[in-house]
Amino acid sequence: NGIKRRKQNMLADLVMRPVQLNDAAALAEIYNYYIKNTTITFEVTEVTADEMRQRIVEITAHHPYWVLEHKGKVIAYCYVHPWRTRAAFLHTKELSVYIDHDYCHQGIGTDFVGRIIELCRLLRYHVLIACVTSENETSMRFHERLGFRHVAHYDEVGWKFDHWIGLDDYQLTL
């Protein structure tokens, strides 16, 4: 089957590695698509490469941040960061993942995020939280396939594209 062969070839060309500061422009490009075109993120203003670089510095100081490359092009990124700032929440982290929209629905996210989850287990985190906008059913199903369970829903907490949007939290106990 040609489709299956192409998918296997693409998966063979993927490289997962820690983020580098010079990835900032590629990450901003991936993220800005979602800011401009979707309610997947509640951000409403595009980020610059410099802003993304600063975010990378802040997150990598204490937490894992990885990218996925296809033939040298960054096509996805995933990181964990504090879920809440109180000391009692030290072992609970929020997981965020963004995949270049041209590479979505090709099966790359499951393996990529699965590896990040395993890394989080090795780092002895206890819980991962994924915050998903209520209009993002694809992400809800994605996280459920990875073992996350729906634990909270908040109605109308974000305003974007002239309407109110809810937020859903998914939890994975490691």
Side-chain angles (χ1 to χ4, degrees), residues 10 13-87 89-106 108-120 122-123 125 127-136 138-139 142-143 146 154 157-170:
M10 187 188 80
D13 291 332
L14 296 176
V15 174
M16 181 177 155
R17 62 166 176 77
V19 71
Q20 300 169 356
L21 289 178
N22 63 1
D23 294 323
L27 275 54
E29 183 177 335
I30 291 169
Y31 191 47
N32 284 336
Y33 171 84
Y34 293 106
I35 293 172
K36 291 184 298 191
N37 300 293
T38 77
T39 57
I40 286 174
T41 175
F42 280 144
E43 288 207 56
V44 296
T45 304
E46 292 182 57
V47 298
T48 66
D50 286 338
E51 289 170 318
M52 189 61 78
R53 193 172 298 107
Q54 183 58 39
R55 293 178 186 193
I56 291 169
V57 168
E58 291 169 4
I59 293 167
T60 58
H62 303 285
H63 296 90
Y65 198 139
W66 292 77
V67 299
L68 191 63
E69 289 183 343
H70 180 247
K71 296 184 177 180
K73 177 186 177 185
V74 174
I75 62 166
Y77 64 99
C78 183
Y79 59 92
V80 297
H81 53 98
W83 178 63
R84 297 283 188 265
T85 57
R86 304 279 191 265
F89 299 117
L90 179 64
H91 299 285
T92 298
K93 305 296 178 182
E94 183 176 341
L95 180 137
S96 297
V97 59
Y98 291 91
I99 299 172
D100 183 311
H101 69 280
D102 289 331
Y103 288 84
C104 288
H105 309 291
Q106 297 184 32
I108 63 171
T110 303
D111 181 61
F112 181 44
V113 176
R115 290 175 172 189
I116 302 298
I117 291 169
E118 288 308 312
L119 175 61
C120 290
L122 291 173
L123 292 170
Y125 298 151
V127 169
L128 293 177
I129 303 290
C131 299
V132 181
T133 61
S134 60
E135 296 181 350
N136 190 354
T138 299
S139 185
F142 172 76
H143 284 91
L146 288 167
Y154 307 95
V157 293
W159 177 263
K160 188 172 180 180
F161 299 143
D162 297 321
H163 69 283
W164 291 108
I165 305 162
L167 184 68
D168 290 89
D169 284 346
Y170 287 77

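What you see is a predicted model, and the numbers here were worked out from it, not measured in a lab. Computed from heavy atoms alone, side chains included, the values below leave out hydrogens, waters and symmetry copies.
- With contacts defined as side-chain heavy-atom distances shorter than 4.5 Å, the pair V113/F142 qualifies.
- In this structure, E29 places its CD atom where only 12 or fewer heavy-atom neighbours from other residues, nucleotides or ligands lie under 6.0 Å away.
- Contact between A76 and I30 at its shortest, heavy atoms only, is N-CD1, 3.9 Å.
- Taking OG1 of T39 as the reference point, atom CZ of F161 lies at 7.0 Å (rounded to 0.5 Å).
- The distance from atom CD1 of I59 to atom CD of Q54, rounded to the nearest 0.5 Å, is 10.0 Å.
- Using a 4.5 Å heavy-atom cutoff, the side chains of P64 and Y125 are in contact.
- Summarising the geometry of F112 relative to W66, their closest heavy-atom pair is CZ-O, 3.6 Å, with the distance given to 0.1 Å.
- Note that CG of N136 and NE2 of H143 are 9.0 Å apart. Values are rounded to the nearest 0.5 Å.
- Summarising the geometry, atom CG belonging to L68 is positioned 9.0 Å from atom CD1 belonging to I116; distances are rounded to the nearest 0.5 Å.
- Using modelled atom types, one side-chain atom of K160 and one backbone atom of T41 make a donor-acceptor pair closer than 3.5 Å.
- Residues T45 and I35 are not in side-chain contact: their nearest non-hydrogen atoms beyond the backbone lie 4.5 Å or more apart.
- Counting all heavy atoms, side chain and backbone alike, A25 lies closest to A49 at CA-CB, 3.8 Å.
- Checked by atom type and distance alone, the side chain of Y34 pairs as donor or acceptor with a backbone atom of I99 at under 3.5 Å.
- Between A24 and M52, the shortest heavy-atom distance links the atoms O-CG, 3.6 Å.
- In this structure, H163 places its NE2 atom where more than 12 heavy-atom neighbours from other residues, nucleotides or ligands lie under 6.0 Å away.
- Atom-to-atom distance recorded for L123:CG and K93:NZ is 9.5 Å, nearest 0.5 angstrom.
- Residues T138 and I40 have side chains not in contact (no heavy-atom distance under 4.5 Å, counting atoms from C-beta outward).
- A 4.5 Å side-chain heavy-atom check between W83 and V127 finds every atom pair outside the cut-off.
- Aromatic ring orientation, Y31 versus Y98: perpendicular (interplanar angle above 60°, classes split at 30° and 60°).
- No side-chain heavy atom of L27 sits less than 4.5 Å from a side-chain heavy atom of R55.
- The aromatic rings of H81 and Y79 sit tilted relative to each other, their planes meeting at an angle between 30° and 60°.
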Derivation of the salt bridge (charged side-chain N to carboxylate O under 4.0 Å, His left out) call for R17 and D23: CA-CA 11 Å; R17 62 166 176 77; D23 294 323; 2.7 Å; yes
Worked check of side-chain contact (heavy atoms from CB on, under 4.5 Å) between N37 and H101: CA-CA 11 Å; N37 300 293; H101 69 280; over 6 Å; no
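- Side-chain contact between D169 and Y154 is present, with at least one heavy-atom pair separated by less than 4.5 Å.
- Taking CE of M16 as the reference point, atom CG of D111 lies at 8.5 Å (rounded to 0.5 Å).
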